Amino acid sequence: MENRGIYYIDFGTQAHFVEEIEKMNSEYYFKNRRNRMYHIITYGCQMNVHDSEKLAGMLNAMGYIETQNIEEADLIIFNTCAVREHAESRVYGNIGPLKKLKDKKPDLIIGVCGCMPQQVEVAQKLARLFPFLDIIFGTKSLHRFPQLLYKAITEHKTVIDVAEDEDVVAEGIPTARKEGVSAFVNIIYGCNNFCSYCIVPYVRGRERSRRPEEILFEIEQLAANGVKEVTLLGQNVNSYGKDLPDGIPFHKLLEKVNDINGIERIRFVTSHPKDLLDDLIYAMRDLEKVCEHIHLPVQSGSTRILKEMNRHYTKEDYLKLVEKLKNNIPDIAITTDIIVGFPGETEEDFEDTLDVVKKVEFDSAFTFMYSKRRGTRAAQMPNQVPDEVKRERFQRLLKLVEEIALKKNKQMLGNTYEILIDGYAKKNNLLVGRTRTNKVVNVKCSEDFMYKFVNVRILEATEHWLYGEVI
Ligand code: SAH
Ligand code: SF4
Ligand code: F3S
């Protein structure tokens with residue numbers, strides 16, 4: 001096995017900067033009887049949501065407190081996503097108006113981090129368009145945030161850190177998770193797959209796994225603090241361990257997590273169909289804490305398009321895999337990601353996608369119109385699909401996806417499921433939780449059930465959520 005020499009780094013190297021900023025913030029507090037406050041705006045996937053929890057953890061350690069009100073913040077950070085053009089344009093649109101706030105409060109610190117500025121030309125563009133920004137840094141510099149912040153505060157100039165060649169695994173970053181009993185845990189960073197449409201390998205670097213003992217230690221700590229459900233994160237969790245000289249494969253990691261007292265549910269995202277081995281299917285079948293849900297992005301149902309996408313499986317491979325999953329784990333929920341309008345996609349290719357959706361009957365699907373990403377192979381391909389064709393296919397796909405989701409949810413009516421309650425529903429004084437199959441259920445029950453397991457009978461079903469009562 002090739003060992004590229006993973007570069008581990010401990011957050012302890014940042015201690016000096018954490019302490020210096022903490023000192024400034026406590027002086028500020030005694031002078032003004034008010035804490036400095038931060039506000040983080042997060043775009044993109046769970047990986048980014050979890051990175052924001054690390055930003056929050058570092059800021060708390062430096063003596064800041066969080067505010068939901070951007071107007072009263074002393075520090076504002078945009079943690080950005082680059083996966084589609086729409087995600088990027090929202091960020092540009094939201095940074096501009098902050099100039100006014102900065103003019104009013106010259107000490108305000110504004111930062112942009114995450115996947116957008118991990119592209120050098122985007123980092124430069126941000127600095128050019130918004131000279132009032134204080135810090136611009138990519139995903140690879142997250143563990144250095146205190147140092148960058150210190151520099152921005154003391155030197156009063158825009159600090160840019162992109163670190164293209166640095167693929168590190170940083171351990172020990174303090175993490176401020178949202179209140180509750182569910183937690184995200186990174187197991188592998190980066191992606192080696194280079195699907196031809198995708199920017200992620202360029203902005204998240206090569207695959208690198210965390211050591212199993214670090215992961216298990218983190219989960220044991222979480223369990224000791226009352227966490228009951230963990231979601232293991234990676235762009236392709238099935239690659240876990242392959243880059244470690246003495247690594248264990250993903251299904252073995254699941255076995256070890258399954259042994260941790262206090263953890264009751266284990267989830268993971270995302271699985272690449274080409275790397276999903278039988279061992280994982282058996283682990284899902286046999287390990288009682290691993291939930292009966294898999295997110296298995298198909299992207300397209302056309303073998304020809306899948307080849308152009310560099311996905312390394314055919315329509316038939318995918319359908320066979322789904323059959324194996326369903327045979328071994330009868331109650332399994334399967335969710336997916338689908339792109340319409342990939343370059344060269346014909347009506348016939350698109351019908352193959354509809355066909356897969358009908359055959360698999362996905363419990364839900366994230367559907368996207370193909371978006372051209374600079375630097376990816378697909379951006380250079382001929383026969384880009386016109387927007388109106390993409391939109392029309394998108395609508396047809398969405399309609400089918402929703403019909404099937406509704407049908408599947410209606411099959412749950414009258415049955416009883418174990419729900420882990422983890423918050424308030426948007427309206428009607430209901431609580432909300434999820435089934436093991438990751439379905440959202442609004443529940444009529446007393447607040448005493450918050451963060452607890454409860455058996456719920458399903459009484460109402462829509463395509464996106466269910467409603468039930470405690471039995
Ligand atoms: N690593 C995960 C998720 C990657 S990004 C995986 O492999 O499944 C999440 C989803 O965004 C992808 O699954 C894909 O469906 C979509 N996506 C990625 N690049 C895209 C692009 N250029 N245009 C439209 N959708 C895209
Ligand atoms: Fe992107 Fe493909 Fe990697 Fe997923 S597996 S992050 S879609 S390149
Ligand atoms: Fe977006 Fe970066 Fe995730 S590009 S989808 S936030 S890995």
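Just so it is clear, the model here is predicted, and its values are computed rather than measured. Numbers here simply count residues along the sequence, with the first being 1. When a ligand or atom number is given, it counts from 1 through the structure's own listing order.
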Quiz item: Which protein atoms of type N, O or S are found under 2.8 Å from atom 1 (Fe) of ligand 2?
Solution: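 Metal shell, protein only: C198 SG.
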Quiz prompt | Pair listing, salt bridge (Lys or Arg N to Asp or Glu O under 4.0 Å) test, anchored in residues 316-334, at least two apart | solution = D278-K324
Are any of the side-chain nitrogens in [X] or [Y] under 4.0 Å away from the carboxylate oxygens of its partner?
X    : Y    : result
R396 : E392 : yes
R211 : E171 : no
R206 : D167 : no
D355 : K358 : no
K228 : E264 : no
K178 : D422 : no

Exercise. Keeping waters out of it, list the protein N, O or S atoms under 2.8 Å from atom 2 (Fe) of ligand 3.
Key: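 Result, waters dropped: C115 SG.
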Any side-chain heavy atom of [X] sitting closer than 4.5 Å to one from [Y]?
X    : Y    : answer
R177 : V185 : yes
I294 : I332 : yes
F268 : V230 : no

Practice problem: Using non-hydrogen atoms of the residue, decide whether R204 is closer than 4.0 angstrom to ligand 2. | Solution: no
Exercise. Assess the side chains of Y197 and Q299: does a donor N or O sit below 3.5 Å from an acceptor N or O?
Key: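 Distance-only check passes for Y197 and Q299.
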Practice problem: State, without any angle test, whether T437 and H293 hold a side-chain donor-acceptor pair at a distance under 3.5 Å. | Solution: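 No, no side-chain donor-acceptor pair sits under 3.5 Å.
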Quiz item: Parallel, tilted or perpendicular for Y38 and Y64, by the 30°/60° rule?
Solution: perpendicular
Quiz item: Going by the order shown, which atoms of ligand 3 are within less than 4.0 Å of some heavy atom of Q235?
Solution: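 Numbered from 1, ligand 3 contributes 7 (S).
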Quiz prompt | Protein residues that have a heavy atom under 4.0 Å from any atom of ligand 1, sorted by chain and number | solution =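 Within 4.0 Å of ligand 1, the protein residues are V83, R84, Y197, Q235, T270, P297, Q299, D337, I339, F368, M369, Y370, S371, R373.
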